[in-house]
Each structure stands twice: as structure tokens, then as C-alpha cells.
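Here, residue 1 is the first one in the sequence, and each next residue gets the next number. Here the structure is a predicted model, which is why all the values come from computation and not from measurement.
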Amino acid sequence: MARIIPPRVTSHPSWKSLKAHHKEIASTHLRELFASDPGRAARMRAEGAGIILDYSKNRLTDRTLSLLFELAESCKLSDHIREMFEGQHINKTENRAVLHVALRLPKSASLVVDGVDVVREVHEVLDRMGTFAQKVRDGSWKGATGRPIKNIVNIGIGGSDLGPVMAYEALRFFADRRLVFRFVSNIDGTDFAEATRELDPEETLFIVSSKTFTTLETMTNAHTARRWLLNTLKKDEAIRHHFVAVSTNAQAVSAFGIDTANMFGFWDWVGGRYSMDSAIGLSTMIAIGPENFRKMLDGFHAMDEHFRTAPFAKNLPVLMGLLTVWYTNFFGSQTVAVLPYDQYLKRFPAYLQQLTMESNGKHVHLDGSLVDTDTGPIYWGEPGTNGQHSFYQLIHQGTHLIPIDFIGFARSHNPIGDHHDILMANLLAQGEALAFGKTAEEVRAAGVPELQVPHRTFEGNRPSNTLLAPELTPAVLGALVALYEHSVFTSGIIWGIDSFDQWGVELGKVMAVKIIGEIAGKPAEGGPHDSGTASLLDWYRKNRRKG
Ligand code: F6P
């Protein structure tokens, strides 16, 4: 029987209408949109799970929105959302459910997937994590020589690192300052060496975080950590006091020598980049305490419920996911800048890079056919106001259209003098300057010499979202992360791709293993390299040892 190929999104009538509509409004300036519509800002604002989204400074009208909602309807977005929450196997290429939303369901809930109540399992692990985290925090978890743990080193990479680092930095205000947290991810030995340089092995706990427990970087770093520890503590017996594991692979954990009683599990329905609220968040829980961790989960859950139930027009993740499609596919934008005006969110853009780009950086539809339009944009960013003195020049006056997400809070955890007012004034000023710019007439009227006028003119019409919340609490962080998770999902549904696999990381891994063998003197497997790679490898072989 012939395979039924679903219609491509570009053939949907609403896509065609959006194309035509884009032509009509592409040259309309945000100045005109605001001037002709006094109610715009009040109307183009939505709120969910304690986060406000102001999307009025986007290049769209009510007609754009209704066409985008039509597109979402024609792509059956609501059905797809329901399927995810029900635990259907929506990760088609790996035949898996995608259930990070189950990680934050309350204990009283129940969700039976493939015959198992996953909520019960999730809470069993959370309870075990809570007991363990409490022991480390109160000093009753002792190292092999009886000293309490002072240093916690998370070893992991990708989703087993970026979420934990980001959450630790974001929630540092809530962290127990007696404890030191380090994160080792890179295979570069410098990462391990610098992270552990002044740590005392007797007071150090390693959390080996790896869903598969086979990842080359993590396993190499974990073995190095083992040697580093045993160098001082000598006996293998010390391992169980200083190593715990977070993984889905009990067999490999045990083979490494970690007592599986000290292993915290999760499930194949949690993708690496969607796992910071699973046991992968153990370091976060030790830092901020089980109660704050649960508040973070509540924030995630509140945004899940908002996403599941709010109408599209009021639904933050749906709005943001559709705006990504609008700019990527109709304006041809290649990137999105995420600019948090909060120092605690300094690692948030890096975290979002994996979440968004590993999810939606795909070139084929779910059925394997080639996409015929662009998919996931490049995400990048830095905390404000640092970026202003670096790359904002290009955003204001360069030739690329870069949609922006500004993130800010009403209150700082460190209310020193007028720092926070100045910070927030900058956020507001940037959104306004980007949208409205400064015309040549305005520049001339300010007495600028004619020679400089073109250089000091700001075209404006540069779009931004502004996300606001009262303050950066564990719950708000959870809601913020869930907001991006679901907006990535929304865009992925429109593009008809699998947002939950990551086959694109495989080829480089396999080729690295082959080259590792060759550096060690083994013959090249599977034929010679291209001449460029061969000569680089040759240079490396000759120069890798001093002298
Ligand atoms: O190489 C990419 C990746 O598979 C990510 O998706 C994942 O987060 C990371 O590697 C780490 O994987 P693991 O947790 O299995 O070590």
C-alpha cells in the first residue's frame, strides 16, 4: 500500500495567504502600526504561569495573527499538543513518547503510558533525590574519610550539563553558599583540571550525569575523576561515598563501580535537552534544596497547563512558536537573539541553543521527505547590558533582521543602589529604539552635521518580544524554560519535523572515534581520509608531543 504523505505546510492555503499578506505588510513600519492603533500594546500582551509576554513590537497585525492561528489549526497543533500530553509516541524516528511534562505533574496525578503510571515513578525518584540532597546539604552524607561533602562536581554534557549549569547560575541566589558547585563537560582536559584544581578529594562528590552512560566525553571525564579521587583516597571502596550517577543505564553505572543504590534514574521518554527537571537536576536540587526544586517543578507545570489549555490567541508558547515561523519563513530571518536583562540568566542563551537548535535543526519532515522551507533558526545571546556594548550595533543598523526576546524582572535579588532601575531602563530603551528608530529628519533636527546623518539614522522596525516577571524565582525559571520548550514544539509542528531526535550529532561522533584510533597508531578503518583531513591529521601527529 502506498505511504500517505501528509501535505507540506507550504501547500496549506493559510501558508499561501501568509505569503500574500507578508507582501502587503513587509514595508509597514512599527511606527505606523502603533500610531494607527492606540490599543495595540494592551491587546498584544498575554500572560501565563506568572510571565507576561508583550509582543506588540512585532511586525504583525491582527490579520497576521489570525492567519498564523489558521496555519496552526491546519497543522492540527491542538491534536499534537494533546498527543504529547497523553504520552503517545510522537518522537517517531525513535518510536518514543515525549513526556517531559510528566516530570512536573503533581503527586496526586496519574498518567499511564505503555501500561505504567509514570507519575508514581517520577515521584519515587524525586523523593529519593530529596533524601539524598538533604543529606549532602546537612552534612550527614560523608566522604570515605568521614568528612562532610563540600564540593559537588557534575560531570555531563549537552542536556546533562547545560540545564544543570544554567539552573545553578539562574538560582544561585537560592543556593546553599557553604557548598561549591562545579560543572565539567568538555573532553578538553583543561575543563576537569581547572574545575578540580583546588578541591579536596575527601570533601568532593561527583555526580556522573548521562542518560546513556556511554557518552565519550562524560565517561572519559568520569574515569579521570575516579583516578583523581583514588590518587588520594587509594581504596576502590571510596567510590561509593564520592560518586553517584544519574542515568537510564543501570548496567553501565554498575560496571563503572557506582553502587546502583546511589543511582537516580529517568526514562527514555525524557530527551536530554528536556531533562533539567528530571534526576539530571540533582545538582540543582542539592544547591537550592528539595523545596525550591519542587517550586521550580510547579512553575514548569503551570506553564504546561497554560500551554495545554489556553486559546492560541492567549497562549505564550503558541504565540512565540508562531512568531518564530513568521520571521524565519516569511521575513527570511536566520537567527533569534535572546537577551536576558538579569545576570543570573547568563547561561540561559547557551541552554536555549541546545533546546532550540538540537530540536528544530532538521532538514526532513517526519515522513523523511525533504523540507521545502527553512526550519529552526540560530539562537544566541548575552545578558544585558553587556551585549549593548558589543553586538547591538549590528542589530540596530546592520542588514540582518534579528527578532529578539528581551527578558526582564520587576525586582532584583541584589537591589544595590539604582542598578536595577538603570538595567531595566536599558531593556525598555532598547526595545523602543529598535522598533521606532530615529529618522534622518530627527537626526538633522538634533543638529547633527550632514556628513554624519546617514550614519546616525536608525531605520527601526526591528522586532522584539518582551518577557517580564516579578522576580527570578525557582517557579519563574521553571515556567520560562517550559515556555521555550513548548514554543520549540509549536514551531516544530508547523514545520512537520521531529523535534525530539538528534541524528545530526552522530556522524561527527563516529568519525572522531575512528580518528582517535588512528592517532593511537591503528590503521584507518573504512578507507583513507580526504586529502585535507589527512594532512591536518598528519600535522597533529607530528606536533602532538613537544620536541
Ligand atoms: O550528542 C548529543 C546528545 O545526545 C544530547 O542530545 C544529549 O543531551 C547529550 O548528547 C548527552 O547525552 P547523555 O546524557 O546520554 O550523556
Side-chain angles (χ1 to χ4, degrees), residues 128-129 131-137 139-165 167-168 175-176 178-250 252-266 275-276 278-287:
R128 284 184 55 232
M129 285 167 67
T131 308
F132 176 75
Q134 208 46 56
K135 280 187 185 165
V136 176
R137 284 165 67 84
S140 57
W141 181 275
K142 302 271 196 282
T145 56
R147 302 245 296 266
I149 294 299
K150 203 177 131 214
N151 315 308
I152 292 96
V153 182
N154 186 77
I155 299 180
I157 197 163
S160 302
D161 167 71
L162 288 162
V165 186
Y168 171 66
D176 185 333
R178 289 165 305 179
L179 300 172
V180 172
F181 288 83
R182 298 279 161 83
F183 299 85
V184 176
S185 54
N186 202 331
I187 189 65
D188 186 338
T190 300
D191 202 9
F192 182 86
E194 290 297 342
T196 53
R197 193 174 289 283
E198 77 289 2
L199 303 187
D200 182 342
E202 291 185 54
E203 299 176 333
T204 301
L205 174 79
F206 290 99
I207 304 175
V208 185
S209 299
S210 174
K211 181 173 169 181
T212 53
F213 227 73
T214 57
T215 304
L216 179 66
E217 291 89 338
T218 301
M219 296 327 295
T220 307
N221 279 321
H223 282 286
T224 299
R226 205 172 187 279
R227 282 194 297 278
W228 177 85
L229 188 92
L230 293 180
N231 215 7
T232 307
L233 297 180
K234 309 296 179 205
K235 296 191 187 121
D236 275 4
E237 209 275 321
I239 299 292
R240 69 187 175 88
H241 300 272
H242 294 269
F243 277 82
V244 297
V246 178
S247 186
T248 55
N249 186 349
V253 168
S254 164
F256 180 87
I258 297 176
D259 188 346
T260 46
N262 300 331
M263 167 180 154
F264 302 89
F266 59 118
S275 68
M276 60 166 274
S278 71
I280 289 290
L282 183 61
S283 58
T284 315
M285 192 190 266
I286 296 172

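Between G159 and P164, the shortest heavy-atom distance links the atoms O-CD, 3.8 Å. The minimum heavy-atom distance linking S275 with I280 is given by the pair O-CB, 3.3 Å. Between G139 and P148, the closest heavy-atom pair is O-CB, 3.7 Å. Taking each heavy atom of R137 and R178 in turn, the nearest pair found is O-NH2, 3.6 Å. Between A175 and Y168, the shortest heavy-atom contact is CB-CE1, 4.2 Å.
When side chains are defined from C-beta on, L233 does not count as touching H241, because their heavy atoms never get closer than 4.5 Å. Annotation: side chain of L179 is in contact with side chain of I286 (closest heavy-atom distance under 4.5 Å). A heavy-atom distance below 4.5 Å is found between the side chains of I258 and F213. K135 has its side chain out of reach of I149: every pair of non-hydrogen atoms, C-beta onward, lies at least 4.5 Å apart. W141 has its side chain within reach of N262: a pair of non-hydrogen atoms, C-beta onward, lies under 4.5 Å apart. Looking at T212 and N249, their side chains never come closer than 4.5 Å, going by heavy atoms from C-beta outward. R226 places a side-chain heavy atom less than 4.5 Å from the side chain of I239.
Listed by first and then second residue, the salt bridge (Lys or Arg N to Asp or Glu O under 4.0 Å) pairs involving residues 150-159 amount to none (not counting sequence neighbours). Evaluation of the salt bridge (Lys or Arg N to Asp or Glu O under 4.0 Å) test over residues 208-225, restricted to residues two or more places apart or in two chains, returns none.
Looking only at distances, no side-chain donor or acceptor of D161 sits under 3.5 Å from a matching main-chain atom of V184. Under a 3.5 Å cut-off, the side chain of S210 and the backbone N or O of G156 do not form any donor-acceptor pair. A donor-acceptor distance shorter than 3.5 angstrom exists from the side chain of R128 to the backbone of M263, with no hydrogens or angles considered. Side chain of R182 to backbone of A195: a donor-acceptor contact under 3.5 angstrom is found. Using a distance-only test at 3.5 Å, with no hydrogens or angles considered, a donor-acceptor pair links the side chain of N154 to the main chain of S160.
Note: N186 CG to E194 CD = 12.5 Å, rounded to the nearest 0.5 Å. Note that the NZ atom of K142 and the CG atom of L205 stand 13.5 Å from one another [nearest 0.5 Å]. Atoms CD and NE2, on E203 and H242 in that order, are 9.5 Å from each other to the nearest 0.5 Å. Here the CZ atom belonging to F264 is positioned 12.5 Å from the OG atom belonging to S247, to the nearest 0.5 angstrom. Rounded to the nearest 0.5 Å, atoms CD1 (I187) and CD1 (I157) are 7.5 Å apart. Separating the CG atom in N151 from the CD atom in E202 is a distance of 11.5 Å, to the nearest 0.5 Å.
F256 is linked by a ring pair (Phe, Tyr, Trp, His ring centres under 6.0 Å) to H223, F243, counting only residues two or more places apart in sequence or in another chain.
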Practice task
Determine, stepwise, if the pair T204 / T196 fulfils side chain to side chain contact (heavy atoms under 4.5 Å, CB included).
Solution key: CA-CA 9 Å; T204 301; T196 53; 5.9 Å; no
Practice task
Apply side chain to side chain contact (heavy atoms under 4.5 Å, CB included) to F132 and L282, showing your working.
Solution key: CA-CA 9 Å; F132 176 75; L282 183 61; 4.1 Å; yes
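Of the options D191, V208, I155, a side chain to side chain contact (heavy atoms under 4.5 Å, CB included) to N221 is made by I155 and by none of the others. Screening W228, F181, F183 for a ring pair (Phe, Tyr, Trp, His ring centres under 6.0 Å) with F206, the sole residue that qualifies is W228.
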